[in-house]
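Below: the structure, in structure tokens.
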Amino acid sequence: QVQLVESGGGLVQAGGSLRLSCAASRIIFSIYAMGWYRQAPGKQRELVAVMASGSITNYADSVKGRFTISRDNAKNTVYLQMNSLKPEDTAVYYCHVRVLRQGNYTTDYWGQGTQVSVSS
């Protein structure tokens, strides 16, 4: 079993930066994709950033140029660097890992969520 533990959330002023971390409890050798989602009060959970096999990344239009997803394989950790934060970035952020399993099916793991609040 894989547990994902998030950290790095907090309260910042608009224009500030935060770096979210998501550490896996063990090494994962068959990651299909990893990413970050967020959910604001009264809104649906949305994809923020994804890193797929081959380190191909995709970002929501609202965060392009401001957020960067990265990983450290040695530490089994995925990061989300968030710069130029805006109040509309306020949400609970969840990390996600999709693992390729035997039989060519996938298993999804989620972090517990970390609150990011951006004041104007």
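Computed from a predicted model, the values in this text were never measured in an experiment. For the single chain, residues carry numbers from 1 onward in sequence order. FYI, side chains are in, hydrogens and waters are out, and symmetry mates aren't considered; it's all heavy atoms of this structure.
Linking ILVMFWY residues whenever their side-chain heavy atoms come closer than 4.5 Å, directly or via other members, leaves M82 and V92 in distinct clusters. Taking hydrophobic clusters as Ile, Leu, Val, Met, Phe, Trp and Tyr residues chained together by side-chain heavy-atom distances below 4.5 Å, V116 shares a cluster with I69. A continuous path of hydrophobic side-chain contacts links F67 to L20 [ILVMFWY only; heavy atoms under 4.5 Å]. Under a hydrophobic-cluster definition in which Ile, Leu, Val, Met, Phe, Trp and Tyr are linked whenever side-chain heavy atoms come within less than 4.5 Å, directly or via other members, Y93 and Y109 are assigned to the same cluster. Hydrophobic clustering keeps W36 apart from Y79 (ILVMFWY residues linked when any side-chain heavy atoms are closer than 4.5 Å, directly or through intermediates).
In this structure, the side-chain contact (heavy atoms from CB on, under 4.5 Å) partners of V97, at least two apart in sequence or on a different chain, are L4, I28, I31, M34, V99. Applying the side-chain hydrogen bond (donor to acceptor under 3.5 Å, both in side chains) test to S119 and every residue at least two apart in sequence or in another chain returns nothing. By the side-chain contact (heavy atoms from CB on, under 4.5 Å) test, S7 is found to be paired with S21, residues two or more places apart in sequence or in another chain being considered. Partners of S30 by side-chain hydrogen bond (donor to acceptor under 3.5 Å, both in side chains), not counting sequence neighbours: none found. The side-chain contact (heavy atoms from CB on, under 4.5 Å) check on K43 picks up A40, with sequence neighbours excluded. The side-chain contact (heavy atoms from CB on, under 4.5 Å) test applied to S120 returns P87, not counting sequence neighbours. Applying the ring-ring contact (aromatic ring centres under 6.0 Å, His included) criterion to Y37, with sequence neighbours excluded, gives H96, W110. Under the side-chain hydrogen bond (donor to acceptor under 3.5 Å, both in side chains) criterion, N83 pairs with S17, Q81, sequence neighbours left out.
Sequence neighbours left out, the pairs with a member in residues 51-62 that pass salt bridge (Lys or Arg N to Asp or Glu O under 4.0 Å) are D61-K64. Counting only residues at least two apart or in different chains, salt bridge (Lys or Arg N to Asp or Glu O under 4.0 Å) contacts with residues 3-30 are absent. Residue pairs meeting the salt bridge (Lys or Arg N to Asp or Glu O under 4.0 Å) criterion with at least one member in residues 100-120, sequence neighbours excluded: R98-D108.
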For residues 44-51, run the donor-acceptor check on the side chains, cut-off 3.5 Å, and write out each pair with its distance to 0.1 Å, sequence neighbours left out.
| from | atom 1 | to | atom 2 | distance (Å) |
| --- | --- | --- | --- | --- |
| E46 | OE2 | R38 | NE | 2.7 |
| E46 | OE2 | R38 | NH2 | 3.3 |

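Between V2 and T107 the shortest side-chain heavy-atom distance does not fall below 4.5 Å. Put simply, the side chain of K86 does not reach to within 4.5 Å of the side chain of S62, judged on heavy atoms.
More than 12 heavy-atom neighbours from other residues, nucleotides or ligands sit within 6.0 angstrom of OH on Y59.
For the pair R66 and S84, the tightest heavy-atom approach, listed with the atom from each and the gap, is NH1-O, 3.0 Å. In this structure, L18 and L85 approach most closely via the heavy-atom pair N-CD1, 3.9 Å.
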